[in-house]
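Here's the structure, in structure tokens; my notes come after.
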Amino acid sequence: MNRPPTPLPTTRTPLRWLLGVVLGLLVIGGAALAWLSWNDWNRSRAWVSQQVTQAIGRDFAIRGPLELEWQWPRPQEPGWRRWVPTPIVHAHDVLIGNPPDFGAKGPHFAHIGRASADIALLPLLARRIDIVSVALTEPDVRLERDQAERNNWTFDFRGRGDAADRARWDVSLGRLWLSKGQLAYDDAPRQLSVAGSVDSLAPDATEDGRYGVGFDFSGWQGKAQIKGSGKAGQLLSLRDEQLEFPLKLSAQAGRLGAEAEGIIANPRRLSGVDFQVALKGGSLADLYALTGIVLPDTPPFNTQGQLVGTLKPEGAVWDYRAFTGTVGKSDLRGDLSYASAKPRPRLSGKLQSKLLRLADLGPVIGAKPSSPDKPPRPGKVLPDDPFETSRWHAMDLDLHYTGQRIERPEAVPIDSLRVHAVMDNARLTLAPLDFGVARGRFKTQVQMDGRTKPMQVALRGDVEGLKLSALFPKIELMKKSLGRLDGGVALDGHGQSVAQILGSANGEARLYVRDGVMSSLLLDMAGLNLGSVIVTKLFGQDKEVRLRCAIADVPVRQGITHMRNVKVNTEEALIEVTGSADMRREIFDIDVDPKAYELKLFSLRTPLEVRGPFAKPHVGIKPGPLIVRAAAAVAALAAAPGALVLLPITVPGADDDENCAPLLARAAQAPKAGAPAGGAPAADAANPARAAAPPQPAAGEFSAGQPRP
């Protein structure tokens, strides 16, 4: 009887299966590796091009040889990953197209002479193309942005099909090397077009290995020529969050020049920027074309400081810290912060000048163009360069500025400047805009609405404690004056320049002086009181007289300043000023009528006149009264030559009926903007629309105490 065979232990069956699976996988893997190694990949170029085209959402073609080699082990990888074989793909004559719906100027986005890509195998199982590194030789890349602010460098790595197709592949890129490359950038909104080259540096130009490639570029921004050069690190990581990629740059665009050196911690996101930056240019306004930052027209400038933050497009946030420099011959220092916010970017900061040269403020208000080839207006003195309000909508602003000391002509007694400038949706508010003047303060608020054409402007100001002795520093005699000047100004106007605004202004100004002391010699010189002048000059007896009050009540109507109530009242004389100053035509038409309270020896006191253009007015004696008095003197001399020793040639003494109290009471009232109050010229009263204008805010105020909308 035959016995059945003894069964094998059941534990050996799973082991056999496991060994079989492993052996099978090794055979399949070996066969796959052999196929991958010995396969003629040139026959697969069309298939590869199709797959990449689908992955990146635009045309892709390999028109030259396609090769594959293996790297094993991989020393740059940690742990067990270094033992995973990695294919390195070499593709020649690679063409990458523009997005299909993008109207590009160039024929392609990129053409690459030779591309070598190190591709990780394991992520392919999860339908992810993980390109560890790419080396590009002779790349020709053309970046473009159209008028709609669409660009051709943003890739749709999920394809353009339906949801199932878009989920097929993801693509990520790690490190990038460039050699013998060409790069072009065309930005239609900024009218910017540049092209350049990049190549590996010679060993003696790497600065101890810090830099690996050098580049240069040239082109145009509008009508301004651009050129520059620089150095960068050899390896550019597009995956690491902290890399400290080095960059050094020198560039010139028209009148604007820049030097920068530092690092970008995350080049992929253009974040972690930390640079030492030096800027120079013909005007701060030159920064707008390249940066979008709106700053006023100024004299030539230069600054040096630290730039930190992120320069990511449409998300830029950076600080220009502890910068120093000059604008014209004025020093400038401070901190600035820029944020690319919505609906508009915003610039904020604090600036200071230890010494502000008054002439450097000229271009800011249009008094002197920063462009040296622009001729001045003949025969005019009011600033006429237009404010560039078309740019105001591009950025909001919040800046504090302090000028600690003013360098200015002796005749202009401005000592300091303080301003808080706020730009909100093309409406600029300067509140406060304070000047230290003649040891007092001129405290103003200005609002300029750039949303309208012409620009609407409102000014409210208070004059506090200006010392007469400092107000006229070039007149030596005024050093004996102890009076102080107070008052206010309220004006509304419109226009694109200071000249146009003043030429259209409506409002009032009221200024007054009380309880002062003035030199009698100065008054006598103003009144042509020859007897007192001669005596004082001979014997040095410059008498001081008490100034009871001085008042200037001046309405402004459509750019014409009317001397409605302008008087100087002392113990000895009353000086009255009448007439007008036309700021539209820049013409004076003013009479100065001095009247003595006492009869004086050899008095030829007669009215003076100021006539003609602001640029070169004529100041002289009114001929009519002088002829009458001269004839009386001649007649007296003919009748009795010795009588001149005993009898004065006189003018009627003015009755001392000017009570300073009511004058000062009116002068102390806050002036109103818009149509002036009573006393306006008849032509003004004839205009019912002006006469019926509602009350306007007083000096030092806007409507309801806030800037008017």
query: What residues form a salt bridge (Lys or Arg N to Asp or Glu O under 4.0 Å) with Arg321, not counting sequence neighbours?
result: Asp319
query: Taking atom types as modelled, is there a side-chain donor on Thr389 or Arg391 under 3.5 Å from an acceptor on the other?
result: no
task: Identify, with sequence neighbours excluded, every residue that meets side-chain contact (heavy atoms from CB on, under 4.5 Å) alongside Asp398.
output: Arg346, Ser348, His400, His420, Val422
Residues that Glu261 engages under salt bridge (Lys or Arg N to Asp or Glu O under 4.0 Å), provided they are two or more places apart: none
field: Residue pairs fulfilling ring pair (Phe, Tyr, Trp, His ring centres under 6.0 Å) with at least one residue in residues 336-355, sequence neighbours excluded
entry: Trp318-Tyr338
- prompt: Could you give all pairs that pass the ring pair (Phe, Tyr, Trp, His ring centres under 6.0 Å) test and reach residues 195-224, with sequence neighbours left out?
  reply: none
Sequence-distant partners of Asp199, salt bridge (Lys or Arg N to Asp or Glu O under 4.0 Å), two or more places apart: none
query: Would you find a donor on one side and an acceptor on the other, under 3.5 Å apart, between the side chain of His111 and the backbone of His108?
result: no
- prompt: Just by distance, with hydrogens left out, do Asn151 and Glu144 show a side-chain donor and acceptor under 3.5 Å apart?
  reply: no
field: Interatomic spacing from NZ in Lys354 to OG1 in Thr402 - rounded to 0.5 Å
entry: 13.5 Å
message: Any side-chain to backbone donor/acceptor pair from Arg150 onto Asp101? Under 3.5 Å, distance only.
response: yes
task: Ignoring hydrogens and angles, state whether a donor on the side chain of Thr53 or Gln51 is under 3.5 Å from an acceptor on the partner side chain.
output: no
- request: Any chance you could measure His90, atom NE2, to Ile62, atom CD1, to the nearest 0.5 Å?
  value: 12.5 Å
- prompt: Has the side chain of Gln306 got a donor or acceptor atom that lies under 3.5 Å from a matching backbone atom of Val308?
  reply: no
Got a list of side-chain donor-acceptor pairs under 3.5 Å for residues 135-143, not counting sequence neighbours?
| residue | atom | partner | partner atom | Å |
| --- | --- | --- | --- | --- |
| Asp140 | OD2 | Arg142 | NH2 | 3.4 |

task: Please identify each residue that fulfils side-chain contact (heavy atoms from CB on, under 4.5 Å) with Ser250, with sequence neighbours left out.
output: Glu259
Exam field: side chain Asp360 to backbone Lys329, donor-acceptor pair closer than 3.5 Å: yes
task: Determine whether the side chains of Asp331 and Thr326 contain a donor N or O and an acceptor N or O closer than 3.5 Å.
output: no
- prompt: By side-chain contact (heavy atoms from CB on, under 4.5 Å), which residues pair with Ala394, not counting sequence neighbours?
  reply: Tyr288, Val294
statement: Sorted by chain and number, sequence neighbours left out, salt bridge (Lys or Arg N to Asp or Glu O under 4.0 Å) with Lys105 holds for Asp186
query: Would Phe155 and Phe109 count as a close aromatic pair, with their ring centres under 6.0 Å?
result: yes
- prompt: With distance as the sole test, does Asp424 use its side chain to make a donor-acceptor pair with the main-chain N or O of Arg427 at under 3.5 Å?
  reply: no
Distance (rounded to the nearest 0.5 Å) between Gln221 CD and Ile226 CD1: 5.5 Å
- prompt: Distance-only, no hydrogens or angles: does the Ser353 side chain make a donor-acceptor pair with backbone N or O of Leu355 under 3.5 Å?
  reply: no
- request: Look up atom CG in Leu284 and atom CG in Leu256, then write down how far apart they are to the nearest 0.5 Å.
  value: 9.5 Å
- prompt: If you measure from CG on Asn98 to CG on Asn152, what distance do you get to the nearest 0.5 Å?
  reply: 5.0 Å
query: Counting N and O atoms only, with roles assigned by atom type, does the side chain of Ser197 sit under 3.5 Å from a partner on the main chain of Gln182, one being a donor and the other an acceptor?
result: no
query: Side chains of Trp392 and Met455: closer than 4.5 Å at any heavy-atom pair?
result: yes
message: When you compare the side chains of Arg344 and His393, does any donor N or O come within less than 3.5 Å of an acceptor on the partner?
response: no
- line: With sequence neighbours left out, the residues meeting ring pair (Phe, Tyr, Trp, His ring centres under 6.0 Å) with Tyr320 are Phe323
- prompt: Can you tell if the side chain of Arg145 reaches within under 4.5 Å of the side chain of Arg190, non-hydrogen atoms only?
  reply: yes
task: Scan for salt bridge (charged side-chain N to carboxylate O under 4.0 Å, His left out) pairs involving residues 215-233, sequence neighbours excluded, and state none if there are none.
output: Glu207-Lys231
query: Are the side chains of Asn425 and Arg451 in touch, meaning some heavy atoms are under 4.5 Å apart?
result: yes
field: Main-chain N/O of Gly97 paired with Arg58 side-chain donor or acceptor, under 3.5 Å
entry: yes
